[in-house]
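Just below is one structure, and these are the notes that go with it.
Order of the sequence lines fixes the chain letters, A, B, ..., with proteins taken first and strands second; residue numbering starts at 1 for each chain. As the structure is a computational prediction, the values presented were derived from the model and not from experiment.
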2 protein chains.
Amino acid sequence: MDYVYMESYLKAISDHNRMLILKYLSKDSLCICEFTELLDMTQPAVSQHMRKLKTAELVTEEKRGRWTIWSLNVRHTLYPMLIHLLSLLPEPEITVESLEAEGKRVVCE
Amino acid sequence: MDYVYMESYLKAISDHNRMLILKYLSKDSLCICEFTELLDMTQPAVSQHMRKLKTAELVTEEKRGRWTIWSLNVRHTLYPMLIHLLSLLPEPEITVESLEAEGKRVVCE
DNA sequence: TGAATAAATAAGCAATCACTTATATAATGG
DNA sequence: CCATTATATAAGTGATTGCTTATTTATTCA
């Protein structure tokens, strides 16, 4: 692991909104439109965050119909450290469960 | 640990020069003028990096005569994780030993 | 088909970044 | 006291950041 790679990895995590995204992903795989609800953020903003996380190999994506389902990249060398970091952060106020209660959870197929 | 604090902590680490500084500090306490040699960087540049690290509580400083001796903040909650991260990074090419060999190591008193 | 939905991309913008050079502050020692 | 040394601070600069709005691409389904 060289300094340049570590720098880009850490820069990708070093944003409170992306940490929130990763915190959510540590529990469920989610799509962009769900994040716009969870983070109260515009669709392009979320999309750009996901691209940064993907470039840094923190997440993986899977096309499913209209949706792109995003997941944590559990194969990454630093995945255990990431999980540890995320465990230190509080649960977000808006939960995926509350999304479900509002009928806004995406169910593919 | 809230998201804002974690963000500022990670942002402070997310720079290859500051990671190098922390890597050096994981072995020795050092002063600004030694870092200018080790990193081949101007004195104000090093000074500004140290201020960022200090603001994020990653390092501590101790005035000793003309010099300010900088050390890792071993009391920080995230210190063990920091040490782990640093252990994944390669040893810098310019070592403190090579500084000593050139007679550029600062010896207070 | 064609309207609706999900996501990506592009361009623009204010704020922040890591540096630079110049200068100020502070301590040492002749 | 004064020159030297170590560090901090200030102001300026080009690059990058995280957003915005507008538009494009792609998929579903009536």
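Distances from the side chain of B/Q43 to the nucleotides C/dA7, D/dA8, C/dT20 place D/dA8 closest. With D/dA22, D/dG18, C/dA7 as the candidates, the nucleotide lying closest to the side chain of A/P44 is D/dA22. If you check D/dG18, D/dT7, D/dT17 against the side chain of A/K11, the one that comes closest is D/dT17. The side chain of A/A45 lies closest to D/dT20 when the candidates are C/dA7, C/dT20, D/dT20.
In this model, the phosphate group of C/dA18 is approached by a side-chain N or O of B/R18 to a distance below 4.0 Å at OP1 or OP2. Remark: B/S47 is in phosphate contact with D/dA8, judged by side-chain N or O atoms under 4.0 Å from OP1 or OP2.
Each of B/Q48 and B/C31 has a nearest nucleotide on DNA chain D; the 5'-most of these lies closest to B/C31.
Outside the 6.0 Å centre-distance limit, the rings of B/H49 and B/F35 are not counted as a close aromatic pair.
Within 4.0 Å (heavy atoms only), B/K52 reaches sugar-phosphate atoms of the nucleic acid but no base atom. Counting non-hydrogen atoms under 4.0 angstrom, A/E34 reaches nothing in the nucleic acid. Among the atoms of the strands shown, only primed sugar atoms or phosphate atoms (P, OP1, OP2) are found under 4.0 Å from some heavy atom of A/T68.
Salt bridge B/R64/B/E62: present, at least one basic N to carboxylate O contact under 4.0 Å.
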